[in-house]
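Remarks on the structure that follows.
In what follows, chains carry the letters A, B, and so on, assigned in the order in which the sequence lines appear, proteins first and then strands, with residues in each chain numbered from 1. This structure is a prediction, so every number in the text was calculated from the model and none was measured.
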There are 2 protein chains.
Amino acid sequence: MTKELSFEEVARSLHSNAIHLLRRVRTEDSAMGIGPAQASALSVVVFGGPLTLNELAGAEQVRPPTMSRVVEALVREGLVRRQINKEDRRSVKIFATDKGTKIIHEGRNRREKRLIKLLSQLGTDEIRCLGRAARILSRILVADHA
Amino acid sequence: MTKELSFEEVARSLHSNAIHLLRRVRTEDSAMGIGPAQASALSVVVFGGPLTLNELAGAEQVRPPTMSRVVEALVREGLVRRQINKEDRRSVKIFATDKGTKIIHEGRNRREKRLIKLLSQLGTDEIRCLGRAARILSRILVADHA
DNA sequence: TTTGCATACTTAGCATAGCTAATCATTAGC
DNA sequence: GCTAATGATTAGCTATGCTAAGTATGCAAA
């Protein structure tokens, strides 16, 4: 039971688990009524405060034209609003509306419930192990954010 | 440092880590020269042996028409071949070609290298922790596969 | 056996989301 | 004040998701 995993095996297993975990929670997202790119971008706006289109594109790792269209759709649906930046009138600040904020919090709750249900099968020791692992991963994933 | 994470925080953190981890390794995938849906489907065919279109669609959680088109593209690129099932001539078995197998193995290696490089910052204890966590996750993610 | 329904896949047509190239407006530098 | 750089958008392509409808095959019951 305490068989040692090789370095490569840990990498492979983490990779596989990440895929399966996200596949699991994503089944809840259809309830939001918006596509995955819109949901992800809106989430960044809600939790990351107002930011410019370029910043948002960077955060989502897509090109500005792609994000421009996603934001356009979110504006049409009343989930964010655009506002010209006073300091630099070329750029646009994107703000979440109350409606957008509400949708994201509800979606987040659904995803979280799904995960918690999954984790509820585990014992205290195992949860503690996952918690520690999560902390380690956060550190190295955020660290070389470049 | 050993602050206890709540149940919800573990769920949230795992979720966030999964997102960031996949975002990281996916940067390697452009080198394969095929889109993400094609890469993922081809990977299933390569590692999961020959299977029918319906099975493949189920594995990828997409509808048959979507998978039909993805397979069509893979056939055009010489990465898989279709073969009518002898037992039930309505269905189609999908086989990976040598070229498809090669592409997937190379991609897998690139992703793995990326992850290993990331993990190389960690100490033995931390790797062991991640290994154990990965094992736990695998168990509960594969368990209620329904 | 043939009639009729179910199943496996494909085709057609639509929406979302990714990209590059080109355009427009604004800012910054000389 | 020009010119270059920068932020965003528009246009147009590809890829990938869906549903509805069509085709071919299999199965079962009349």
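Put simply, B/Ser91 has no side-chain N or O that comes within less than 4.0 Å of OP1 or OP2 on C/dA8.
Atom pair B/Glu60:CD and D/dC18:P shows a separation of 11 Å (rounding to whole Å applied). Nucleotide D/dT9 holds its P atom 12 Å from the CG atom of A/Leu74, rounded to whole Å. Atom pair A/Ile94:CD1 and D/dA8:P shows a separation of 7 Å (rounding to whole Å applied). One interatomic measurement links the two molecules: CG of A/Asn54 to C1' of C/dT26, which rounds to 14 Å at whole-angstrom precision. Atom-to-atom, CD1 of A/Ile84 to P of C/dC24 comes out at 18 Å; the value is rounded to the nearest Å. Across the protein-nucleic acid pair, B/Arg82 atom CZ and D/dA24 atom P stand 16 Å apart, rounded to whole Å.
The pair A/Glu126-B/Arg139 counts as a salt bridge, with a side-chain nitrogen and a carboxylate oxygen less than 4.0 angstrom apart. Here A/Glu28 does not pair with A/Lys113 in a salt bridge; the nearest charged N to carboxylate O distance is not below 4.0 Å. Note on A/Arg108 versus A/Glu112: no salt bridge recorded, every NZ/NE/NH1/NH2 to OD/OE distance being 4.0 Å or above. For A/Lys99 and A/Glu77, the salt-bridge test fails: no basic side-chain N is under 4.0 Å from an acidic carboxylate O. Using a cutoff of 4.0 Å between basic side-chain nitrogens and carboxylate oxygens, A/Asp125 and A/Arg128 are scored as salt-bridged. Ion pairing of B/Glu106 with B/Lys102 is present here, as a side-chain N (NZ or NE/NH1/NH2) and a carboxylate O approach within less than 4.0 Å. Here B/Asp29 pairs with B/Arg111 in a salt bridge; the nearest charged N to carboxylate O distance falls below 4.0 Å. Salt bridge A/Arg23/B/Glu60: present, at least one basic N to carboxylate O contact under 4.0 Å.
For the residue pair A/Ser91 / A/Asn54, no side-chain donor-acceptor distance below 3.5 Å is found, with atom types taken as modelled.
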Could you go through nucleotides 25-27 of chain D and list every protein N or O atom that sits under 3.5 Å from one of its N or O atoms, giving the distance for each pair?
residue : atom : partner : partner atom : Å
D/dG26  : OP1  : B/Arg89 : N            : 2.9

Polar-atom pairs under 3.5 Å, protein N or O versus N or O of nucleotides 2-4 of chain C: list them with distances, or write none.
none

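Residue-environment remark: CZ (A/Arg63) stays at or below the threshold of 12 foreign heavy atoms within 6.0 Å.
Scanning both residues, B/Ala133 and A/Cys129, for their nearest heavy atoms gives N-SG, 3.7 Å.
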Discussion item. Treating primed atoms plus P, OP1 and OP2 as sugar-phosphate and everything else as base, which nucleotides of nucleotides 16-23 of chain C get B, S or - for protein heavy atoms under 4.0 Å?
Written reply: -BBBBB--

